[in-house]
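Convention: sequence-line order gives letters A, B, ...; per-chain numbering from 1.
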There are 2 protein chains.
Amino acid sequence: MSIRKPKQALYEQFAIVAKALGHPQRLELIEHLAQGTRSVDLLATKLGLPIANVSQHLQTLRRAGLVHAEREGKFVNYRLADNTVLSLFASVRSVAERHLAEVDRIVRGYFDARDAMEPVTREELATRMRDGLVTVIDVRPADEFALGHVPGAINVPLACLQERPPEIDPDREVIAYCRGPWCVMSFEAVAALRKRGFQARRLEDGLPEWKAAGLPVEVML
Amino acid sequence: MSIRKPKQALYEQFAIVAKALGHPQRLELIEHLAQGTRSVDLLATKLGLPIANVSQHLQTLRRAGLVHAEREGKFVNYRLADNTVLSLFASVRSVAERHLAEVDRIVRGYFDARDAMEPVTREELATRMRDGLVTVIDVRPADEFALGHVPGAINVPLACLQERPPEIDPDREVIAYCRGPWCVMSFEAVAALRKRGFQARRLEDGLPEWKAAGLPVEVML
DNA sequence: CTGTCATTCAATAATTCGATTGAATGATTT
DNA sequence: AAATCATTCAATCGAATTATTGAATGACAG
């Protein structure tokens with residue numbers, strides 16, 4: 001049957017892509033790679049996994065065309081193939097949020113104050129920043145901040161934020177953001193800020209989505 | 001670590017969705033369900049697989065929230081959860097087409113006359129149909145045609161088309177469509193029509209995408 | 001050239017997934 | 001109620017995936 005063979009072969013390829021996304025830790029790797037180019041052992045450190053394990057997962061992602069690898073001296077740096085990978089991830093997330101009761105349960109259980117944490121849209125933030133009305137804080141670790149951040153944002157890693165009050169104007173609203181839609185850091189940051197009396201909200205999604213939306217990004221040299 | 005557990009749990013859910021797409025035959029099931037609501041053994045017949053096997057795959061898809069099941073008398077009818085499933089599928093396809101060399105190889109090998117088969121866009125077809133300039137044929141099996149088709153299209157299943165020339169005006173261009181972007185039937189149909197001297201082209205994608213684009217669909221009662 | 005470091009490869013064991021078979025369930029018909 | 005049909009469940013076996021370990025490779029520093 002020459003009529004069904006090519007389709008079969010194509011569908012096997014599509015399945016390779018989907019299968020590569022079918023592992024929680026590979027999804028987390030993608031989230032980290034969305035922040036910028038990263039080496040294997042940096043990723044291993046961030047995820048708290050053995051290097052060999054991370055290396056294997058990265059190769060699965062590479063075979064699926066989701067990431068590219070490039071040697072630079074001793075290190076091998078991985079990066080996302082392009083923005084379509086992020087939108088694929090977003091599609092998966094969207095279907096899961098819509099149709100899996102378990103997702104709803106987790107969100108309600110851990111993010112129960114979520115209604116009070118309605119995010120600020122990117123457009124709204126861009127406007128209000130132009131008018132100088134808000135303080136924007138990036139709660140990701142310093143190395144991720146360095147790879148790119150919202151222009152004018154100040155870097156207050158979540159760990160620091162929870163230790164001592166940040167040195168920011170208490171009369172201006174604070175907008176916090178982190179890695180992406182379900183990165184818990186911005187949720188925790190808003191909770192910590194509010195407990196200290198700040199008026200705080202989250203930015204929708206994280207830096208990768210801000211960047212993908214074509215908004216300006218500041219990079220530290 | 002209360003900070004990483006909810007994310008982990010969410011990512012496991014996202015992985016369930018991705019994993020469900022990670023099998024060629026489940027992708028094919030989705031393609032068929034995109035045509036409309038279908039029973040288990042109808043799908044089993046169409047794919048040429050054992051019923052129990054198809055039932056299991058469908059349950060995997062159900063657990064991932066991609067399809068819904070509904071009992072109707074003796075039959076259990078499955079349908080796609082909603083249009084976001086189709087766009088998820090499209091995202092997977094897009095990444096695979098962009099980044100997997102093997103996809104390119106398959107396409108070149110089997111669809112080598114593809115350049116000569118540049119598809120007609122949905123908008124173009126809608127316009128030209130309004131002006132009555134083209135003949136539109138739906139080369140899917142009759143049962144799929146019955147569940148919904150482009151208004152005014154005539155049903156000439158591929159098998160029939162290859163047996164004997166269709167009874168259509170040889171002076172008008174013929175536009176053929178089938179199940180979706182990589183459904184080979186419309187490719188074969190165009191090849192067959194051209195061999196018989198017709199001027200023929202493919203519609204981009206298939207009926208599900210036409211429908212998802214909000215264009216009108218005719219249903220047989 | 002040797003040592004060190006980052007990464008990958010290779011081998012193993014544990015787990016999960018997939019296809020197949022036959023029995024069990026649920027609904028309809030006689 | 002018994003028979004029939006569509007579907008699911010349960011159990012099996014073989015195949016594929018995963019985590020882990022240790023050895024091999026490639027690049028750089030001394």
Novice: Taking ring pair (Phe, Tyr, Trp, His ring centres under 6.0 Å) as the cut-off, I'd like each qualifying pair that reaches into residues 200-221 of chain B, sequence neighbours left out, listed once.
Specialist: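 Not a single pair qualifies under ring pair (Phe, Tyr, Trp, His ring centres under 6.0 Å).
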Novice: Report the residue from Asp41(A), Leu42(A), Val40(A) that forms a side-chain contact (heavy atoms from CB on, under 4.5 Å) with Phe75(A).
Specialist: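 One option only clears the test, and that one is Asp41(A).
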Novice: According to a strict under-4.0 Å criterion, is Ser55(B) in side-chain N/O contact with OP1 or OP2 of dT7(D)?
Specialist: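 Checking dT7(D) against Ser55(B), no side-chain N or O comes under 4.0 Å of OP1 or OP2.
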Novice: With a 4.0 Å cut-off on heavy atoms, is Gln25(A) in touch with a base, just the backbone sugar-phosphate, or nothing at all?
Specialist: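 If one applies the 4.0 Å heavy-atom cut-off, Gln25(A) turns out to touch the sugar-phosphate alone, with no base involved.
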Novice: Output the single nucleotide from dT18(D), dC5(D), dT7(C) whose closest atom is nearest the side chain of Lys74(B).
Specialist: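 Nearest listed nucleotide: dC5(D).
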Novice: Measure from NZ on Lys19(A) to P on dA15(D) and round the result to the nearest Å.
Specialist: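 From Lys19(A) NZ to dA15(D) P: 15 Å.
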Novice: Measure the angle between the two terminal helix axes of the helix from dC1(C)-dG30(D) to dT30(C)-dA1(D), five base pairs each, and quote it to 10°.
Specialist: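 Overall, the helix from dC1(C)-dG30(D) to dT30(C)-dA1(D) bends by 20° from one end axis to the other.
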Novice: Give the rounded distance in Å between these two atoms: CD1 of Ile51(A) and P of dA6(C).
Specialist: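 About 7 Å, once rounded to whole Å.
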Novice: Rounded to whole Å, please give me the gap between CG in Leu43(B) and C1' in dT8(D).
Specialist: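 Distance check: Leu43(B) CG to dT8(D) C1' gives 15 Å.
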Novice: Looking at dT18(D), dT7(D), dT8(C), which one has an atom nearest to any side-chain atom of Val40(A)?
Specialist: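 Closest of the options to the side chain of Val40(A): dT8(C).
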Novice: Take Leu88(B) and Thr84(B) through the test side chain to side chain contact (heavy atoms under 4.5 Å, CB included) and record every step on the way to the result.
Specialist: CA-CA 6 Å; Leu88(B) 171 55; Thr84(B) 64; over 6 Å; no
Novice: Could you state the atom-to-atom distance from CZ of Phe75(B) to C1' of dA27(C) in whole Å?
Specialist: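 My rounded result for the distance is 11 Å.
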Novice: Is the shortest side-chain heavy-atom distance between Leu21(A) and Phe14(B) below 4.5 Å?
Specialist: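 A side-chain contact is absent here, since even the closest heavy-atom pair is not under 4.5 Å.
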Novice: Is a side-chain donor or acceptor of Tyr78(A) paired with a backbone partner of Leu43(A) at a separation under 3.5 angstrom?
Specialist: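 Answer holds: no.
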Novice: Among Ile175(B), Leu203(B), Leu193(B), which residue satisfies the side-chain contact (heavy atoms from CB on, under 4.5 Å) criterion with Ile137(B)?
Specialist: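 Among Ile175(B), Leu203(B), Leu193(B), the one meeting side-chain contact (heavy atoms from CB on, under 4.5 Å) with Ile137(B) is Leu193(B).
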Novice: Go through dT8(D), dT7(C), dA19(C) for me and flag the one nearest to the His57(B) side chain.
Specialist: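 The answer is dA19(C), which lies nearest to the side chain.
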Novice: Does anything in residues 58-71 of chain B reach DNA chain C, meaning a heavy atom under 4.0 Å, and if so which residues?
Specialist: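 Nucleic-acid contacts, sorted: Arg71(B).
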Novice: For dA6(C), does OP1 or OP2 lie under 4.0 Å from any side-chain N or O of Tyr78(A)?
Specialist: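 No.
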Novice: Would you please name every residue forming a side chain to side chain donor-acceptor pair (under 3.5 Å) with Ser94(B), sequence neighbours left out?
Specialist: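 By the side chain to side chain donor-acceptor pair (under 3.5 Å) rule, Ser94(B) matches no residue at all.
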Novice: Just to confirm, is there a sub-4.0 Å distance from OP1 or OP2 of dA19(C) to any side-chain nitrogen or oxygen of His23(B)?
Specialist: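 Answer yes for this pair, as a side-chain N or O of His23(B) is under 4.0 Å from OP1 or OP2.
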Novice: Yes or no on side chain to side chain contact (heavy atoms under 4.5 Å, CB included) for Glu204(A) and Glu209(A), after CA distance, side-chain angles and deciding distance?
Specialist: CA-CA 9 Å; Glu204(A) 62 171 347; Glu209(A) 291 80 11; over 6 Å; no
Novice: Round to the nearest Å and state the distance from Asp41(B) atom CG to dA27(C) atom P.
Specialist: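 Rounded to whole Å, this separation is 17 Å.
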Novice: Quick one: which residue pairs count as a salt bridge (Lys or Arg N to Asp or Glu O under 4.0 Å) with a foot in residues 140-152 of chain A, not counting sequence neighbours?
Specialist: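 Qualifying pairs: Arg38(A)-Asp143(A), Lys46(A)-Asp143(A), Lys46(A)-Glu144(A), Asp138(A)-Arg140(A), Glu144(A)-Arg179(A).
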Novice: The test is side chain to side chain contact (heavy atoms under 4.5 Å, CB included); show your working for Leu29(B) and His32(B) and say whether it passes.
Specialist: CA-CA 5 Å; Leu29(B) 282 172; His32(B) 279 278; 5.7 Å; no
Novice: What is the minimum heavy-atom distance between Tyr110(A) and Pro6(B), and which atoms define it?
Specialist: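 Smallest interatomic distance, heavy atoms only, reads CG-CB, 3.5 Å.
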Novice: Can you tell me the distance, in whole Å, between the CG atom of Leu42(B) and the C1' atom of dT7(D)?
Specialist: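 That distance rounds to 14 Å.
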Novice: Any side-chain donor-acceptor pair under 3.5 Å between Ser55(B) and Gln59(B)?
Specialist: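 Ser55(B) vs Gln59(B): donor-acceptor pair found between side chains.
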Novice: Pairs under 3.5 angstrom, nitrogen or oxygen only, protein versus nucleotides 20-22 of chain D, please.
Specialist:
from, atom 1, to, atom 2, distance (Å)
dT20(D), O4, Gln56(A), OE1, 3.1

Novice: In whole angstrom, give the distance that lies between atom CG of Leu47(A) and atom C1' of dA19(D).
Specialist: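 That distance rounds to 14 Å.
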